[in-house]
Amino acid sequence: MSKKFYITTPLYYVNASPHIGHSYTNIAADTLARYMRKVLGQDNVWFLTGTDEHGQKIQRAADAQKLTPQEFSDKMVLQFKELWKELEISYDDFIRTTEDRHVTFVRRALEILKDKGEIYEDKYEGLYCTPCENFWLESQAPDKLCPDCRRQLEIISEKNFFLNLEKHQAWLMEHIKNNISFIQPQSRSNEVLRFLELNRLSPLCISRPKERLSWGIPLPFSSDHVTYVWFDALLNYTSAVGKFNDSGEYKSKWWPADLHLIGKDILRHHAIYWPIILHALGIEELPKSIFAHGWWMINQDKMSKSKGNVVNPIEMVHKFGVDVYRYFLLRDVPFGLDGNFSEEAIIKRFNGDLANDLGNLVYRTLTMVEKYYAGKVPELKIDEIRFDESGERIKNKIKNLHLVDVYRELSWNRDFSSALQKIWELINMANKYVEETKPWNLAKENKAEELKYFIRLLVDVIRVVADEVEAFMPHTAKLIKEQIGTDTIKKGAPLFPRIC
Ligand code: MSP
């Protein structure tokens with residue numbers, strides 16, 4: 001395993017307010033970043049997020065509000081920053097594609113590609129989807145409707161600049177085949193490979209004529225063009241953490257990215273265009289892994305403004321609390337698959353996993369420490385005690401939880417839901433142990449030693465659980481630690497009072 005961990009999220013378009021889909025990627029990235037900071041140390045993790053501010057979508061949204069695109073972006077970016085604060089997203093850097101550091105980098109990258117002969121000028125005539133900002137081949141859209149959004153395509157003819165993707169196709173396919181974790185989950189890797197096997201990549205048009213769209217980074221070698229928004233945006237992963245030196249070599253403390261976390265909708269841009277752009281630039285180290293997660297749907301339907309079914313994450317946080325929201329998203333659906341979002345499903349998780357299981361374990365243990373030991377945790381080392389079978393199983397589980405169970409699920413499988421299940425196995429074992437052991441009987445029967453061991457084991461369970469849930473639910477972990485982190489407990493209100 002590498003000694004550093006550089007993780008990124010997509011840069012979100014600022015044309016509309018953030019919704020639960022955007023929050024999902026950032027919560028997942030935040031959880032991994034927090035977890036890896038524990039494993040590798042604070043200074044060895046870099047977590048980058050930001051906003052994508054150029055292109056037609058933004059220009060149009062700004063026009064509608066009679067603002068310049070820059071004024072509009074300056075206003076919208078605050079909503080994203082506000083949401084990340086509410087959700088306790090611990091990013092190390094936030095990049096906006098309109099910042100100088102990024103614009104300068106993109107222009108330099110374009111010059112390098114031009115000098116290397118990777119970019120050429122050509123006349124283009126073809127089908128174009130204006131809302132998606134994508135060109136399509138006739139073979140891809142025989143009905144002249146956009147394969148993505150199903151809107152009417154326009155025929156466009158213009159002079160533009162192109163990157164030849166096809167000449168890079170063979171090595172990219174080899175790279176995907178030889179590096180099983182390059183594209184995850186495996187099904188997505190197969191999907192990209194199949195696409196590459198069946199299609200010859202057409203050239204990527206990396207410019208837009210200014211007369212059609214002026215809101216973009218000006219091309220350094222043509223005053224009539226700006227840069228295609230996707231070409232500009234992808235480069236953020238490198239512009240935020242490094243620079244080209246005078247001889248055009250890229251230097252960075254953090255590159256290559258260890259993980260680009262994205263939604264499945266933007267897999268091709270990341271798994272095909274991005275590695276080719278890097279390779280063409282002479283940046284030989286490719287991202288170690290690109291993980292495409294699934295989509296949140298509402299009643300099995302896509303969220304969209306026109307359907308009026310867009311869920312506002314801030315509302316959910318105010319209603320249920322930030323940790324409940326984070327927990328729900330990460331636990332309810334295996335990462336990589338689509339999920340159905342509903343308040344009923346959140347309430348179910350809340351009453352079950354959080355109130356009944358975790359909340360109850362903490363509350364009943366604190367009550368016992370208060371009742372039997374006047375609030376002082378019995379001083380003992382559970383390693384030195386021989387428990388009955390259930391107790392020994394719990395002891396073992398405590399030992400393995402961090403660096404075996406959770407580590408395997410997060411670092412290898414990127415499976416948040418399974419990692420949480422592993423933590424909940426311990427919580428459930430402990431709750432079951434309370435019911436089996438009936439501590440109130442131990443107290444009545446004067447089994448003081450046994451009672452002491454038993455309660456000490458529960459306290460150890462809670463402490464390790466608090467440590468493990470910290471990356472997922474930072475606020476809850478803090479509350480548990482405040483209540484039971486030291487040897488004199490401070491019992492508070494139940495962590496998750498049931499919602500009826
Ligand atoms: N700006 C581009 C990305 C450029 S990255 C160099 C973009 N932005 S976006 O705002 O439209 O969406 C970005 C990401 O938001 C998706 O890839 C995905 O991570 C997340 N989601 C958007 N809607 C979603 C759902 N309904 N469900 C889950 N995540 C989705 O594309």
Side-chain angles (χ1 to χ4, degrees), residues 7-30 32 48-58 61 73 76-77 79-80 83-84 87 89 94-98 102 105-106 109 131-134 148-149 188 216-217 227-241 257 259-275 277-278 287 290-305 307 309-313 316 325 328-330 332-342 414 416:
I7 180 168
T8 69
T9 73
L11 296 196
Y12 303 102
Y13 285 130
V14 289
N15 61 316
S17 304
H19 58 61
I20 54 169
H22 307 123
S23 75
Y24 184 45
T25 321
N26 270 37
I27 289 171
D30 178 67
L32 274 177
L48 174 70
T49 189
T51 41
D52 195 349
E53 304 186 357
H54 290 123
Q56 193 108 36
K57 278 192 222 282
I58 316 304
S73 300
M76 292 300 289
V77 74
Q79 288 191 24
F80 286 84
L83 176 62
W84 304 151
L87 294 174
I89 304 300
F94 187 107
I95 188 160
R96 300 178 56 185
T97 53
T98 48
H102 179 71
F105 187 96
V106 171
C132 298
E133 295 175 57
N134 237 337
D148 277 348
C149 74
R188 298 285 170 206
I217 298 179
T227 312
Y228 169 44
V229 63
W230 263 104
F231 180 90
D232 148 6
L234 285 164
L235 281 166
N236 91 86
Y237 302 130
T238 40
S239 71
V241 293
L259 181 62
H260 290 317
L261 217 55
I262 56 167
K264 64 178 185 180
D265 49 320
I266 52 176
L267 177 60
R268 235 174 249 180
H269 302 82
H270 283 80
I272 298 178
Y273 302 166
W274 180 225
I277 293 171
L278 286 164
I290 300 162
F291 192 107
H293 64 68
W295 268 47
W296 282 100
M297 318 283 272
I298 310 290
N299 294 326
Q300 319 296 335
D301 208 0
K302 256 184 150 176
M303 259 185 303
S304 82
K305 252 194 187 169
K307 288 184 196 136
N309 62 355
V310 179
V311 183
N312 177 350
M316 292 299 107
Y325 180 67
F328 171 76
L329 292 182
L330 297 176
D332 215 50
V333 172
F335 210 52
L337 301 185
D338 289 349
N340 206 38
F341 187 92
S342 74
R414 312 281 184 217
F416 300 88

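What's counted below: heavy atoms across the whole structure, side chains too, no hydrogens, waters or symmetry copies. As the structure lists them, so they are numbered: ligands from 1, and atoms in each ligand from 1. Given the structure is predicted, the values throughout are model-derived calculations rather than measurements.
Contact between P18 and Q79 at its shortest, heavy atoms only, is CD-OE1, 3.5 Å. Closest approach of S342 to F328, counting heavy atoms only: O-CZ, 4.4 Å.
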If you look at each N/O of ligand 1, which protein N/O atoms lie under 3.5 Å away, and at what distance?
unit_1, atom_1, unit_2, atom_2, d
ligand 1, 1 (N), L11, O, 2.7
ligand 1, 1 (N), D52, OD2, 2.7
ligand 1, 10 (O), Y13, N, 3.1
ligand 1, 10 (O), H22, NE2, 3.4
ligand 1, 17 (O), G263, N, 3.1
ligand 1, 17 (O), D265, OD1, 3.1
ligand 1, 19 (O), T25, OG1, 2.8
ligand 1, 19 (O), G263, N, 3.1
ligand 1, 19 (O), H293, NE2, 3.4
ligand 1, 26 (N), W296, O, 3.2
ligand 1, 27 (N), W296, N, 2.9
ligand 1, 29 (N), G21, O, 3.3

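Rounded to the nearest 0.5 angstrom, W84 CH2 and T9 OG1 are separated by 7.0 Å. One finds the OG1 atom of T8 at 4.5 Å from the OH atom of Y237 (value rounded to the nearest 0.5 Å).
Below 30°, between 30° and 60°, or above 60°: for F335 and F416 the angle between ring planes is above 60°, a perpendicular geometry.
Ionic pairing of K264 and D338 is present here: one or more N-O contacts between side-chain nitrogen and carboxylate oxygen are shorter than 4.0 angstrom.
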